[in-house]
Amino acid sequence: MDVRSPGFGELLCEPRIMVGSGGDAWDSLRRGVHDLAEGHVLRDVCRRVERAGGKPEPMPLVSNVDVLNLSRSDESPGVVLWLSERTEERLFGRAAWAVWGLPRPSLNLFLLPVLTSLTDAVLAADSVDTVHAILSSKSLVNKRIDIDVRVESVVTPLTYRIYPDTPLREVQHLLVRRDLSTVPVVGANHEILGVITVTDILPHMLPSKETPGTRARRPVAARDVMTRAVLCVSEDELLVEAGRSMVARGVSRLPVVRYAELVGFLERETVMRAFADSILPPRRPRAG
């Protein structure tokens, strides 16, 4: 398996579940790790957080569930589920996923969606054994979590392309029909030759000032209006570096290439989501 893309099961730290009391996830977790063996990775991580004098800021996942990011710099990835507050309706009335060693892009783009999908099932479980069974399911433990996020993991696949001799009218129809702002121009081997934007094509879409009877202009093709100097990004480039290129050039999308062949685009919204402090939905008010 690619070391940059382990299965979710490889990130889970034993014990996978910690059950405690109290309403504060961090305080309960900190107390609970003292029962673990000396040198246990979860105990060591919590100690480092304590020595630093900080307290992990919980990120709301869904109602009654938080995510605690114990360390953004630790190279050892890990995930553990802390549970508390038994209620009549549910075995667990509160949960907190404690994570460490996962960079922000991985946390936002790959881990949190997995945890979100698990939350309802975990909170509705009727026993700790049921939770263990959920966490041990093959569909879950094999779920890919990219640790070292690269462009290839988040590229928007190419679903349209034009060629240098494509008539400009066809380009116009493509832009309008698909509500696009940019289309790539590729060669015979799908190598990128340039791009055409709405700004490039708009002057050719406007009615001509020429009077009737004036000799018609020659047909305009994609090669006549395309921008030839195009900044591209390799699919194996780190997402953070690609994001910096996007900011430096002030562009909203970058063509993604594999051995010079155009394979898709990197979108600005994807980069924003990857590095946002929180992309989580607002906490729903608790009943009662």
Side-chain angles (χ1 to χ4, degrees), residues 3-20 22-34 36 40-85 92 94-119 122-123 131 135 140-141 143-150 153-154 238-240 243 270-284:
V3 296
R4 293 186 285 109
S5 304
F8 179 69
E10 296 176 60
L11 301 182
L12 293 172
C13 176
E14 297 294 346
R16 298 183 177 188
I17 304 172
M18 299 189 66
V19 181
D24 185 280
W26 167 240
D27 288 341
S28 296
L29 182 63
R30 183 183 57 179
R31 292 195 298 266
V33 297
H34 291 303
L36 299 176
H40 190 283
V41 61
L42 180 57
R43 183 170 179 169
D44 289 345
V45 168
C46 288
R47 278 181 173 175
R48 283 200 292 272
V49 174
E50 286 186 293
R51 285 198 299 267
K55 178 177 179 180
E57 191 67 27
M59 296 183 293
L61 189 62
V62 294
S63 179
N64 234 24
V65 179
D66 294 327
V67 173
L68 298 175
N69 194 7
L70 300 184
S71 173
R72 298 184 181 183
S73 59
D74 191 337
E75 295 181 356
S76 301
V79 181
V80 65
L81 175 61
W82 171 82
L83 302 161
S84 75
E85 293 186 5
F92 306 111
R94 183 169 183 80
W97 292 95
V99 305
W100 68 93
L102 301 178
R104 175 61 65 181
S106 174
L107 191 64
N108 284 353
L109 295 175
F110 300 101
L111 181 62
L112 290 181
V114 173
L115 298 185
T116 301
S117 68
L118 284 172
T119 296
V122 168
L123 290 178
V131 178
L135 295 176
L140 175 61
V141 298
K143 183 71 175 179
R144 172 177 162 172
I145 306 293
D146 280 351
I147 299 302
D148 192 6
V149 181
R150 297 180 183 268
S153 301
V154 293
L238 288 172
L239 186 60
V240 63
T270 300
V271 179
M272 291 175 62
R273 188 165 62 249
F275 293 96
D277 286 339
S278 177
I279 61 166
L280 305 174
R283 185 188 297 278
R284 297 191 296 266

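Sequential numbering from 1 along the given sequence is applied to the chain's residues.
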*Mind checking side chain to side chain contact (heavy atoms under 4.5 Å, CB included) for Arg30 and listing every partner two or more places apart, or none if nothing turns up?*
Trp26, Asp27, Glu50

*asked:* Hydrogens and angles aside, do Ser106 and Asp146 bring a side-chain donor and acceptor to less than 3.5 Å of each other?
replied: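 Note: Ser106 and Asp146 side chains miss the donor-acceptor criterion.
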
_Short N-O contact, Arg16 and Glu14, less than 4.0 angstrom_ = yes

With rounding to the nearest 0.5 Å, note down the distance linking [atom1] in [X] to [atom2] in [Y].
X      : Y      : atom1 : atom2 : result
Leu11  : Ile145 : CG    : CD1   : 6.5 Å
Leu112 : Thr119 : CG    : OG1   : 9.5 Å
Phe110 : Leu102 : CZ    : CG    : 12.0 Å
Leu81  : Leu29  : CG    : CG    : 10.5 Å
Ser153 : Leu239 : OG    : CG    : 8.5 Å
Trp97  : Thr116 : CH2   : OG1   : 10.0 Å

_Step-by-step side-chain contact (heavy atoms from CB on, under 4.5 Å) determination, Leu83 to Val122_ = CA-CA 9 Å; Leu83 302 161; Val122 168; 4.0 Å; yes

Considering non-hydrogen atoms only, spot the tightest contact between [X] and [Y] and give its length.
X      : Y      : result
Ala25  : Trp82  : CA-CZ3, 3.4 Å
Val49  : Pro56  : CG1-CD, 3.8 Å
Ala274 : Asn108 : O-ND2, 3.2 Å
His34  : Arg43  : O-NH1, 3.6 Å
Val99  : Leu107 : CG2-CD1, 3.8 Å
Met18  : Gly32  : CE-C, 3.4 Å

*Applying side chain to side chain contact (heavy atoms under 4.5 Å, CB included) between Leu111 and each of Val67, Ile147, Val79, report the one that passes.*
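When side chain to side chain contact (heavy atoms under 4.5 Å, CB included) is applied between Leu111 and each of Val67, Ile147, Val79, only Val79 qualifies.
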
With heavy-atom distances below 4.5 Å as the criterion, would you say the side chains of [X] and [Y] are in contact?
X      : Y      : result
Leu36  : Pro15  : yes
Leu42  : Leu70  : yes
Leu140 : Val114 : yes

